[in-house]
Amino acid sequence: MPPRAALMNLLTQLRGLFEPVLAPHAGDPGKLADYLGMIRPAANPDHGDYQANFAMPLAKATGKKPPELAKEVVAALPANDLVESATVAGPGFINLKLKSDFLAAAVRGVATDPRLGVPPADPPKRYVIDYSSPNVAKPLHVGHLRSTIIGDALARVLRFQGHTVVTDNHLGDWGTQFGMLIYGYRNFLDQAAYEADPVRELARLYVHVRNQFKQGDDEDEGPTDDPVKKACQEETAKLHAGDPANLALWNQFMPHCLAEVQAIYDRLGILPFDFEHGESFYNPMLQGVVDDLIATGTAAVSQGAVVVPNAAGKVPTTPEELKKEEPPAIVRKRDGAFTYTTSDLATVRYRVEHFRPDAMLYVVDFRQALHFKTFFAQARRMGYDRVELTHISFGSVLGENRRPFATRSGGVPELGRLIDEAVQLGLAKYEESYESRKASGHDVPDLTDAVKRDIAEAVGVGAIKYGDLSQNRTSDYVFSYDKMLATEGNTATYMQYAYARCCAIFRKENVDPARFRSDPPAVVLAEPAERALALQLLRFPEAVDAAAADYLPHLVTGYLWDLAKSYSVFFESCPVLKAPSPELRDSRLLLVDLVARVIRQALDLLGIRVVERM
RNA sequence: GCGCCCGUAGCUCAACUGGAUAGAGCACCCGCCUUCUAAGCGGGUGGUUGCGGGUUCGAGUCCCGCCGGGCGUACCA
């Protein structure tokens with residue numbers, strides 16, 4: 001058994017060390033937690049490994065001088081085997097350097113831990129995550145990318161922490177798009193093509209019908225003078241009214257539509273959803289939701305529609321109010337149809353009853369912020385006020401021209417094509433790199449075409465996902481193959497390459513890594529690069545915690561970048577197989593194995609594959 | 001009109017939510033392959049954090065006002 005301490009993250013341990021010393025100064029426990037929170041990784045490595053910034057505010061609260069208080073606290077720290085030095089600097093910063101022996105022992109402990117030092121969540125919570133949510137009647141496009149991969153990454157991170165996560169894909173399976181498919185099927189079907197490849201033919205029909213719409217018109221509901229669009233809306237209305245023929249077609253189409261979406265999910269490495277309860281699933285419940293809202297007096301009739309109040313609890317009616325106030329949310333339109341607010345309210349009720357979650361996360365782009373604000377407020381009014389409701393908002397994917405990403409012809413790029421392109425470029429990169437490395441006499445593995453294609457797939461798909469996940473999700477980002485497929489910098493390729501270099505060491509002399517996990521040798525941290533790498537390895541739990549706490553996957557990529565850089569430095573300066581002594585060789589092999597495991601695990605949290613050779 | 005978000009190096013982005021001298025990558029310049037993959041490593045140039053006030057020991061971060069941009073503003077989702 002590794003020492004218990006090794007399974008806690010470094011920050012937690014440091015805070016634990018300061019807690020008893022700080023408690024008498026801090027006053028109430030809430031403040032204490034704030035002050036402990038001011039212990040953090042050093043911003044500048046010259047200042048040590050960690051730094052504590054609580055002395056300034058604490059001194060202010062107690063009327064002391066910050067440096068003196070800092071010195072007092074340092075002097076009162078209990079004896080421990082963790083901190084090498086704690087020095088007071090500047091206006092009262094405490095710079096902390098950890099003992100190398102401690103780091104070495106901790107790394108050795110982590111080596112035996114399948115969780116790589118990440119403590120199980122305590123207590124574990126139940127999450128429902130709603131993401132991807134495509135219209136299944138048409139091909140996935142770039143607009144679905146972020147929700148899908150951010151949601152998938154969050155599900156992976158929270159599950160890895162030990163939480164229970166229910167993933168639910170709120171499919172758009174009941175909208176106008178199905179009227180379009182039905183209309184297309186009735187009027188433009190190529191029967192032979194449909195029998196041969198129904199998915200492809202349905203996709204063709206969708207595009208074909210879409211192209212019949214007048215220029216500039218969209219698929220939205222609402223009055224139209226476009227005859228084709230009108231016909232599609234009528235087919236949709238018949239479907240919703242329960243028309244047997246249309247319903248039969250819908251049932252016939254659905255498996256094919258789902259298969260098409262699933263093919264993309266498979267390629268992107270998206271975990272299977274626990275549920276795919278789409279609009280059609282909630283449709284029967286909508287009337288009941290509205291009835292209840294009316295019965296309880298929460299809903300009001302306004303301008304012929306049934307509405308619920310805005311987040312401020314008001315239903316603006318006069319022109320002045322309408323100008324200033326946020327609008328109410330419509331739960332039943334004048335024409336009797338329900339809206340996505342109705343559906344979302346039904347969904348909350350269903351999920352609370354069936355899953356009993358502590359939190360529900362909606363991974364949806366930022367433009368729907370107002371909808372979620374209004375809808376969450378209403379859900380709380382309905383008594384769902386003990387469940388965390390969070391809109392995991394994200395920015396737009398832009399083209400190189402900083403406008404919403406589009407194809408040259410102006411259309412919305414299909415996801416499948418984007419992946420194809422990235423994979424093809426990934427393959428070209430590989431060939432290029434292979435040639436240049438070979439020309440310089442490097443020991444590049446010769447690979448079969450099948451293996452190369454596999455590498456290209458991992459690199460290409462990884463590039464798209466990492467390129468996205470490495471951005472702060474709240475900001476827009478520019479979709480650029482050049483940037484995401486770069487071999488330098490904070491990219492998937494760099495991480496995958498670092499992983500492959502780890503594998504190469506073990507492969508070279510056919511070393512079995514099992515021993516480093518079950519019966520780890522002593523770890524020696526003599527070189528600066530070894531120490532820095534060990535510290536980085538031990539920070540993995542911090543990164544996972546931080547990413548989960550604010551639902552920010554880019555904190556995992558930031559960590560990976562630091563780790564992989566540390567490894568590259570180590571790789572350059574510390575021979576492993578030809579280490580100066582057998583002890584050092586063993587120690588370094590352990591480090592390399594652990595680096596490989598952490599990189600693989602961290603990439604897995606992002607849903608990105610590794611390959612053994614590149 | 002009102003509301004939300006954004007503005008950081010030539011470009012693309014960080015900055016652990018108020019901490020020390022604002023960091024990376026690309027691009028540009030210089031250097032490193034008879035030792036495990038050079039898709040690598042080291043060094044250098046580059047900043048009035050849109051502008052102006054304020055809050056305080058300390059502001060890219062918080063507050064106010066401008067300028068510029070994106071998005072949203074009841075019957076699409």
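Naming: A, B, ... by sequence-line order, numbering from 1 per chain.
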Using the [atom1] atoms only, state how far [M] lies from [N], rounded to an integer number of Å.
N     : M     : atom1 : result
B:U61 : B:U8  : P     : 13 Å
B:U49 : B:G23 : P     : 13 Å
B:C64 : B:A59 : C1'   : 15 Å
B:U17 : B:C62 : P     : 13 Å
B:A14 : B:A74 : C1'   : 39 Å
B:G7  : B:U45 : C1'   : 25 Å
B:C4  : B:C51 : C1'   : 22 Å
B:A9  : B:A27 : C1'   : 12 Å

Side chain of [X] only, heavy atoms from C-beta on: which candidate in [options] is closest?
X        : options             : answer
A:Arg367 : B:C71, B:G40, B:U37 : B:C71
A:His442 : B:A38, B:A74, B:C36 : B:A38
A:Tyr497 : B:C71, B:A74, B:U37 : B:U37
A:Asp550 : B:G72, B:U37, B:U17 : B:U17
A:Arg403 : B:A15, B:G70, B:C36 : B:G70
A:Pro445 : B:U37, B:A77, B:C36 : B:U37
A:Glu279 : B:C13, B:A77, B:A74 : B:A77
A:Gln51  : B:G40, B:G19, B:A74 : B:G19
A:Val569 : B:C41, B:A74, B:A14 : B:C41
A:Arg501 : B:U37, B:U17, B:C75 : B:U37

Would one find a side-chain N or O of [X] under 4.0 angstrom from OP1 or OP2 of [N]?
X        : N     : result
A:His170 : B:A77 : no
A:Ser440 : B:C33 : no
A:Arg40  : B:G19 : yes
A:Lys483 : B:G25 : no
A:Arg507 : B:U37 : no
A:Thr341 : B:A77 : no
A:Tyr567 : B:U37 : no
A:Lys333 : B:C76 : yes

Can [X] and [Y] be counted as having a side-chain donor-acceptor contact under 3.5 angstrom?
X        : Y        : value
A:Tyr494 : A:Ser568 : yes
A:Arg539 : A:Tyr559 : no
A:Asn472 : A:Thr474 : yes
A:Tyr466 : A:Asn490 : yes

- Query: Any donor-acceptor pair under 3.5 Å between the side chain of A:Ser302 and the base of B:A74?
  - Reply: yes
- Query: Would you call A:Trp561 stacked on B:A24, i.e. ring centres under 5.5 Å apart with the planes less than 30° off parallel?
  - Reply: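 Taking the rule of under 5.5 Å and under 30°, the ring of A:Trp561 does not stack on B:A24.
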- Query: So which one's nearest nucleotide on RNA chain B is more toward 5', A:Gly426 or A:Asn44?
  - Reply: A:Asn44
- RNA chain B: A:Ala89 or A:Asn490, which has the more 5' nearest nucleotide?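 Mapping each residue to its closest nucleotide by heavy atoms, the 5'-most match is A:Ala89.
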- Message: Output the rounded distance in Å from CG (A:Leu398) to P (B:U12).
- Response: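 For the pair A:Leu398 CG and B:U12 P, the rounded distance is 10 Å.
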- Ring-face cation contact, A:Phe366 with A:Arg146, 6.0 Å cut, 45° max: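 No, cation not above the ring by the 6.0 Å, 45° rule.
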- Message: Please determine whether a side-chain nitrogen of the Lys or Arg among A:Arg473 and A:Asp550 lies less than 4.0 Å from a carboxylate oxygen of the Asp or Glu.
- Response: no
- Is A:Lys508 paired with A:Asp443 through a side-chain N to carboxylate O contact shorter than 4.0 Å? yes
- Taking only Watson-Crick and G-U wobble pairs with both distances under 3.5 Å, what dot-bracket line describes RNA chain B, where [ ] shows pairs that cross earlier ones and | shows pairs with another strand? (((((((..((((.....[...)))).(((((.......))))).....(((((..]....))))))))))))....
- Option passing side chain to side chain contact (heavy atoms under 4.5 Å, CB included) with A:Met495 (candidates A:Ile608, A:Leu563, A:Leu603):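 Of A:Ile608, A:Leu563, A:Leu603, side chain to side chain contact (heavy atoms under 4.5 Å, CB included) with A:Met495 is met by A:Leu603 alone.
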- Query: Hey, does the side chain of A:Glu321 reach the backbone of A:Thr317 with a donor-acceptor pair shorter than 3.5 angstrom?
  - Reply: yes
